[in-house]
Number of protein chains: 2
Amino acid sequence: MRKESSTNTLNRNKIHVNCGMAYTLDLIGGRWKPSILWALLDGKLRYSELKKNIPEVSERILVLQLRELEKDGLIKRKVYAEVPPRVEYELTNDGQSMKPMLQCISDWGEQHRPDKKN
Amino acid sequence: MRKESSTNTLNRNKIHVNCGMAYTLDLIGGRWKPSILWALLDGKLRYSELKKNIPEVSERILVLQLRELEKDGLIKRKVYAEVPPRVEYELTNDGQSMKPMLQCISDWGEQHRPDKKN
DNA sequence: TTAAGTACTGACAAAAATGTAAGTAATGAG
DNA sequence: CTCATTACTTACATTTTTGTCAGTACTTAA
């Protein structure tokens, strides 16, 4: 949770105003968000499929990260009125519009991380 | 400081191995790192100039972020043996190689943040 | 002797992010 | 009636990040 008036939060918001980079990075910068976005680049996935894709994450955190991505308009959540439940996640248009940027970020990482295989 | 064996840290490292995006974002994702990198894109700056560029940050945090960027090989620190002291920061080659990516991240932010001026 | 300038450092505190373990709701199958 | 299935939620604990405030070291200039 975020205290609206902590220096920490105020700073965050001030930075967004004069640094587009900081704004973007705040949206995609959570621990598991890159993995989630990456998985969704190929199309929609059910909650359980996301979990399989990202085995290390706990359910609580996965849901938290999904909710934030949804709140920030990068993914949408579609619930089917079935039992057992079915929920699908997919990128919104804004999320799709990140594709080239995400690819670029990924490429830089692949090329520069120390333990890459030659 | 980081406890090398917490689940938190282990997860961070595991993610790096199979998600280049996550690796990159970890390097540039600190609160003030985008602002610092952005300022250094135009050339080297003294510590005091960086401070002027980013007035909100406290000295302690500014130094912390600079040290991390340095440790991760994105910037270099050059000390002149003068009094009063002079220290200059500039991008390394790896830092320079981020330029197009950083521009891309910045552009996305400028175009999508809610409170942009039309 | 005192002050000014620069680039910090240290002790401490608050806030935010991440993780663990267990539990819930609805329904159809056996 | 019990179990399996799916997508979560809740209470709690730990770890990490960010921030505050005061102080330091060195030398030159007044």
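Each chain gets a letter, A, B and so on, in the order its sequence line appears, and its residues count up from 1. When reading the values below, keep in mind they use all heavy atoms of this one structure, side chains included, and skip hydrogens, waters and symmetry mates.
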Is there a side-chain contact between [X] and the phosphate of [N], meaning an N or O under 4.0 Å from OP1 or OP2?
X      : N       : value
W32(B) : dG19(D) : yes
S48(B) : dT6(C)  : no
Y89(B) : dC8(C)  : yes
Q65(B) : dT18(D) : yes
R31(B) : dG19(D) : yes
S6(B)  : dT16(D) : yes
R67(A) : dC8(D)  : yes
R46(A) : dC8(D)  : no

Please report, rounded to the nearest Å, how far the [atom2] atom of [N] is from the [atom1] atom of [X].
X      : N       : atom1 : atom2 : result
K51(B) : dT9(C)  : NZ    : P     : 13 Å
I54(B) : dT18(D) : CD1   : C1'   : 15 Å
L62(A) : dA7(D)  : CG    : C1'   : 10 Å
E82(A) : dA26(C) : CD    : P     : 17 Å
K14(B) : dG19(C) : NZ    : C1'   : 12 Å
L50(B) : dC8(C)  : CG    : P     : 10 Å
E68(B) : dT17(D) : CD    : P     : 7 Å
L64(A) : dG19(C) : CG    : C1'   : 11 Å

So, for L45(B) and A39(B), which heavy atoms are closest and what is the spacing to 0.1 Å? CD1-O, 3.8 Å
How close do E56(A) and W32(A) get, counting heavy atoms only, and between which atoms? CB-CH2, 3.6 Å
If we ignore angles and hydrogens, is there a donor and acceptor under 3.5 Å between the side chains of Q103(B) and D107(B)? yes
Hey, are the side chains of R77(A) and L66(A) touching, using non-hydrogen atoms and a 4.5 Å cut-off? no
Exactly one of I105(B), L74(B), L41(B) should register a side-chain contact (heavy atoms from CB on, under 4.5 Å) with M98(B). Which one does? L74(B)
Minimum-distance nucleotide to V63(B) side chain [options: dT18(C), dT6(C), dC8(C)]: dC8(C)
Nucleotide by nucleotide, nucleotides 20-30 of chain D touches protein heavy atoms under 4.0 Å in the pattern (B base, S sugar-phosphate only, - none) B-----BB---
Could you walk me through whether S97(A) and W108(B) pass the side-chain hydrogen bond (donor to acceptor under 3.5 Å, both in side chains) check? CA-CA 8 Å; S97(A) 76; W108(B) 194 95; 2.9 Å; yes
Check this for me: does any side-chain nitrogen of one of K33(B) and E68(B) sit under 4.0 Å from a carboxylate oxygen of the other? yes
Would you say Y89(B) and Y80(B) are hydrophobically clustered, going by side-chain heavy atoms of ILVMFWY under 4.5 Å? no
So which one's nearest nucleotide on DNA chain D is more toward 5', N8(A) or E49(A)? E49(A)
